[in-house]
2 protein chains.
Amino acid sequence: MTEERNQDARTRAADNLVSIFERQIIDGTLAVGKPLPPEREIMQSFGVSRTVVREAVQTLSTKGLVDARPRFRPVVRTPGYDAAIEAVGSVVNRLLTVPGGVRNLFELRIMMEAALVRDAALNADKNHVARMKQALADNEAAISDSQRFFETDIAFHRVLYEVPDNPVLPPIHQAYTDWLSSHWTRMPRDPEHNHVNYRAHSRIFESILFRDPDAAELALRYHLDYAWNQVRQTFAEP
Amino acid sequence: MTEERNQDARTRAADNLVSIFERQIIDGTLAVGKPLPPEREIMQSFGVSRTVVREAVQTLSTKGLVDARPRFRPVVRTPGYDAAIEAVGSVVNRLLTVPGGVRNLFELRIMMEAALVRDAALNADKNHVARMKQALADNEAAISDSQRFFETDIAFHRVLYEVPDNPVLPPIHQAYTDWLSSHWTRMPRDPEHNHVNYRAHSRIFESILFRDPDAAELALRYHLDYAWNQVRQTFAEP
DNA sequence: TGTGCATTTTTGTCATACCAAATTGAAATG
DNA sequence: CATTTCAATTTGGTATGACAAAAATGCACA
């Protein structure tokens, strides 16, 4: 047949397949949304066993390049920033278990959102302001309902990630809430705390309205430091 | 025990194994640095075929939880923020190929570093300042050597990521340079541009010395916007 | 005690088989 | 002609067995 001598004895055959598919996915030979060829077909065209094919597909799936539901043909996934986030999921979960892990991630979040509120204070347009106002109203209306308050809380913060109009940011917000929510939800939640948090949101919003980035950053740090203290107490993190 | 009837027919057996191993790795049953049991041992203790075991191990490897060099026993990996970054590598590479991908990532970087220089202006201690000064000197000395200038450029920025003393940040810097370097390196590099960039670094450093976060942010944005224009021209990105 | 080699494990790969679920296409139905 | 039904076929998930090559092991030897 054609030449297929690529067994380096140092590299796995499956890894070769993976890089080939990665290339084909990027250059469009394998179109987005279309399924991969059947495993038996792949093994023939590459001259490898099905074992190898399956391992390759498995890797592609874990990397987030294809969507491989059990029993269905793997489908080439739409390139999206959420897929990237998803790919780190398990590693991050492990990081959260190491000492200081939650703290480190939370601090990163504070730093990001501080930058975001500054940006919002400078660049938020009428549309964004309106959405923040709405989110804030929903937040206030939910003070007595801790579950709904939690959701509207997240929604308020999400608007901040939408202001810069960078599609990378919303998935990052999603990731933060996913990763930290299990800790977040354990902190004491009652109308009193909710009220404090609503007031904080309110101050952030006002500072943005006044186009005052310093005040906005200050208000946000105050807000998230308060939240962090709650989380810390719940976990007795140092 | 011997009974393991958990085949939902909706879930892959390998996925079950993966979650089991994930748990065992997190709770320490599988110690960091130690190899996983031999495949044949695993298949016996879980009552699955070797096919399944191999797929599970493959997934763990892709997820970055174990280090699986070919022909060697997979070793449980030290939890590290670099492993997380590594896990997103292939997805990010794909993102860089979509329209505006480089731009979005670069903007995220600008936002991050803007926050970092503000933080440095407020919180950098003598140690950090000394290292920045050293990095700046190295940078100046390399103006005539574009290759070395590139390296010292990166080193200067890296110090910014070290100031907040958050172990998440340096790997992020590493990731940025890895992902964007292929684009970065294609932009025109000559002593003249190097000089401009050195001057920019210098201004950033001075602003940090003066404890002036606004000036620092301004200098950094000017610097990175300049850099972005170079990259953009090289690629004709919109 | 340290070292080199033969033996045993163990991984990487292949081939084959079987079941159950998904897909397909034809037949039946409205 | 469009739609539904259902049986035949395809395909993915898993199991088993086999074999070469590389790694781990242990033993004899210096």
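Per chain, numbering begins at 1; letters A, B, ... match sequence-line order.
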Is the NZ or CZ atom of A/Arg109 positioned over A/Phe106's six-membered ring, under 6.0 angstrom from the centre and within 45° of the axis?
yes
To the nearest angstrom, the CZ-P distance between B/Arg73 and D/dA23 comes to 14 Å
Using whole Å, report how far CG of A/Leu17 lies from C1' of C/dT13.
13 Å
Under 3.5 Å, which N/O atoms of the protein pair with N/O atoms of nucleotides 18-20 of chain D?
unit_1, atom_1, unit_2, atom_2, d
D/dA18, N6, B/Arg50, NH1, 3.3

With sequence neighbours excluded, residues passing salt bridge (charged side-chain N to carboxylate O under 4.0 Å, His left out) with B/Asp165
none
A/Glu39 CD to C/dT16 C1': how many Å, rounded?
15 Å
Rounded to the nearest angstrom, tell me the gap between atom CG in B/Asp15 and atom C1' in D/dT14.
13 Å
Under the rule for salt bridge (charged side-chain N to carboxylate O under 4.0 Å, His left out), what residues qualify as partners of B/Arg131, not counting sequence neighbours?
B/Glu162
Between P on C/dT13 and CZ on A/Arg12, what's the gap in Å once rounded to a whole number?
7 Å
Quickly work out the B/Glu55 CD to C/dT13 C1' distance and round it to whole Å.
14 Å
Partner residues of B/Arg94 under the salt bridge (charged side-chain N to carboxylate O under 4.0 Å, His left out) criterion, sequence neighbours left out:
none
Are A/Arg12 and A/Glu55 ion-paired here, with the side-chain N under 4.0 Å from a carboxylate O?
no
Counting only side-chain heavy atoms from C-beta out, which of D/dA15, C/dT10, C/dA15 sits nearest to B/Val52?
D/dA15
Can you list every salt bridge (Lys or Arg N to Asp or Glu O under 4.0 Å) pair that touches residues 42-53 of chain A, not counting sequence neighbours?
A/Glu39-A/Arg50
Could you state the CD-P distance from B/Gln44 to C/dT10, rounded to the nearest angstrom?
11 Å
Taking only the side-chain heavy atoms of A/Ser49 (C-beta and beyond), determine which of D/dT14, C/dT13, D/dG12 contains the nearest atom.
C/dT13
Salt bridge (charged side-chain N to carboxylate O under 4.0 Å, His left out) partners for B/Asp138, two or more places apart
none
Against the side chain of A/Phe72, the closest entry in C/dA22, D/dT14, C/dT10 is C/dA22
Atom-pair distance (CE on A/Met43; P on D/dG12), nearest Å:
11 Å
